Undergrad: 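Input: one structure, supplied below.
In what follows, chains carry the letters A, B, and so on, assigned in the order in which the sequence lines appear, proteins first and then strands, with residues in each chain numbered from 1. On a predicted model such as this, the values are computed, not experimentally measured, just so you know.
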Amino acid sequence: MSNEIAILGAGMHPWGKWGHNFVQYGVAAARAALSDAGVPWRDVRFVSGGATMRCGYPGYVAGATFAQALGWQGAEVNTSYAACASGSQALAAARNKILAGECEVALVVGADTTPKGFLAPAGGYRPEDPDWVRFYLGITNPTYFALYARRRMDLYGDTLEDFAAVKVKNAAAGSKNPLARYRKCFTPEDVAASAMVADPLRLMDICATSDGGAALIVSSVDYAKRIGKGDAPRVAAISTVTPTFASGVVEMPDIATDSAAAVGIDAHSYRASLPIKAYEEAGIGPEDVNIAEVYDLSTALELDWIEDLQLAPRGEAAQLLRRGDTAIGGRIPVNTSGGLACFGEAVPAQAIAQICELTWQLRGQAGERQVEGAKVGITANQGLFGHGSSVIVKA
Amino acid sequence: MSNKALAPAIEGWHTMGDQPRLIGTRCCDCGTYFFPKQNDYCKNPDCDSSEFEEVELSRSGELWSYTNASYKPPAPFVAADPFEPFAIAAVQLEKEQMTVLGQVAGGIGVEQLKIGMPMELVLETLHETDDEIKVTWKWKPVTA
């Protein structure tokens, strides 16, 4: 029995630093997705929201907040918080509801309004909070991205030019995306001239935080067929597995890794474990994938993800990049939306936005960004405290 | 010359003196190490122990990776004025099979670091208060 659901509609509010209430972005995205699906709001019987932690109580109960803003019509609601994977968890909740036969059509939506400047932890003396500890010692988010980037340089021979080439590639894709916040093309010289933040990463290697919203209308395959959309793209897999002890890569916000000293325990990389379950669930392999949206918190991290998704052997992602394979028109285009490089991170919306891009690509509606003949797409993202996700969408 | 007293920036996380060591715990059942200390539950999925002993971790290890902070981090970091950029190291401890982050000792930049080089623990000032010098662990190349 298939566990697929149909994606009937995708919609987004443009990313930016608008400073409006997050609800406004979520409603705009939801209405765009409803319109795209051609489904009346009253037909939606489940509203699954990604929570935001930055916008007070309405953000903690985002599913209900969006449902009320769109006009209460008696649907059931859910709110999921899973850091950067919140949108995928919200989608998983909707899929469960649909596959259990409890509803036919669901709205999945996430939106955020981000504060200006650094995201700092609460004050005081709180050594029991790893996030407080690392900031007290001077360790910020780019520290972690830079440690991984340096490993790539040392182990695989990646260069600063490779990292800059990721930015140039994603900026070129984002320049063709009206929903992206940054739509300017850059040269390798532009990247090299930007300020060093955390050696070897420069300002233009690291993503910003943004306001934005994204939404999907999903349904049972049966419902899709009944309304004449039997050929809509399908969600073929959702993986939200935790890491496996012992994690051998130091992850934000921790100051140390797990210890793998006990008998029978091996150190693992967390990112690599996420897509394995997704491929198994979809019954396909990395060779079947035509397009990927990955969480490029830094340029170098995009290269890590390409290997974690097994789109290249470990250490060879930069070779794909240099050959142009990961650009639009290449063998396996990555971040055709422009990625976080052009969007900036809007946490509860980001995983959903990745699926919006895949949906448009698989329908052949991505305009100047269109990847010819794309049939299977995969997403990957990672957040704090063991949250991450990988979703596979099939035409 | 300051006559302020030296005090650990975070109480109980490392020993004081010339040969400082991080203080962690070790599961009495499976032998998993924890830093920061874990005294309540073992995180090894195959172990349900709640017995831990306090242990001093290895003083030296191998450089896993490194970077620096070119810009002043936000509070609770207390920055000197003007801000002095500093390097940051992730060091792998052989016996404990774990990697620990920390600042690199003052005056050592990323150009002096190389993955795989031996590093050792030292104590240096993190910041000063009105009456104390708050020290913390930092990593320093053994050869430097």
Undergrad: Could you tell me which portion of W13(B) (side chain, backbone, both or neither) has an atom closer than 4.5 angstrom to a non-hydrogen atom of chain A?
TA: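 Side chain only.
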
Undergrad: Relative to chain A, which segment of Q92(B) carries a heavy atom at a distance below 4.5 Å: side chain, backbone, both, or neither?
TA: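 Q92(B) has no heavy atom closer than 4.5 Å to chain A.
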
Undergrad: Under a 4.5 Å cut-off applied to non-hydrogen side-chain atoms, are Y136(A) and T136(B) in contact?
TA: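 No - every pair of side-chain heavy atoms lies 4.5 Å or more apart.
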
Undergrad: Under 4.5 Å heavy-atom distance to chain B, tell me which part of F145(A) shows up: side chain, backbone, both or neither.
TA: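 Interface part for F145(A): neither.
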
Undergrad: Decide yes or no for D154(A) and K114(B): does some side-chain heavy atom of the first lie under 4.5 Å from some side-chain heavy atom of the second?
TA: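 Heavy-atom side-chain distance check passes, below 4.5 Å.
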
Undergrad: Need one label for A9(B): side chain, backbone, both or neither, based on atoms under 4.5 Å from any heavy atom in chain A.
TA: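 Both parts, heavy atoms under 4.5 Å.
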
Undergrad: Please identify which of these residues, V133(A), T257(A), D254(A), L147(A), meets the side-chain contact (heavy atoms from CB on, under 4.5 Å) condition with L101(B).
TA: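 When side-chain contact (heavy atoms from CB on, under 4.5 Å) is applied between L101(B) and each of V133(A), T257(A), D254(A), L147(A), only L147(A) qualifies.
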
Undergrad: Between A69(B) and G138(A), which heavy-atom pair has the shortest distance, and what is it?
TA: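 Closest approach of A69(B) to G138(A), heavy atoms only: CB-O, 4.4 Å.
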
Undergrad: Contact part of Q103(B) toward chain A, heavy-atom cut-off under 4.5 Å: side chain, backbone, both or neither?
TA: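 Interface part for Q103(B): side chain.
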
Undergrad: Which atoms of I265(A) come close to chain B, meaning under 4.5 Å heavy atom to heavy atom: side chain ones, backbone ones, both, or neither?
TA: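 The side chain, not the backbone.
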
Undergrad: Is the closest side-chain heavy-atom distance between F77(B) and T140(A) below 4.5 Å?
TA: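 No, their side chains stay 4.5 Å or more apart.
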
Undergrad: Rounded to the nearest 0.5 Å, what separation is found between the CH2 atom of W132(A) and the CD1 atom of I10(B)?
TA: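 If I round to the nearest 0.5 Å, the distance is 5.0 Å.
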
Undergrad: What part of A260(A) gets closer than 4.5 Å to chain B, counting heavy atoms only: side chain, backbone, both or neither?
TA: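 Both backbone and side chain.
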
Undergrad: With chain A, which of N68(B), V100(B), D46(B), T32(B) has the greatest number of heavy-atom pairs at distances under 4.5 Å?
TA: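 Heavy-atom pair counts peak at N68(B).
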
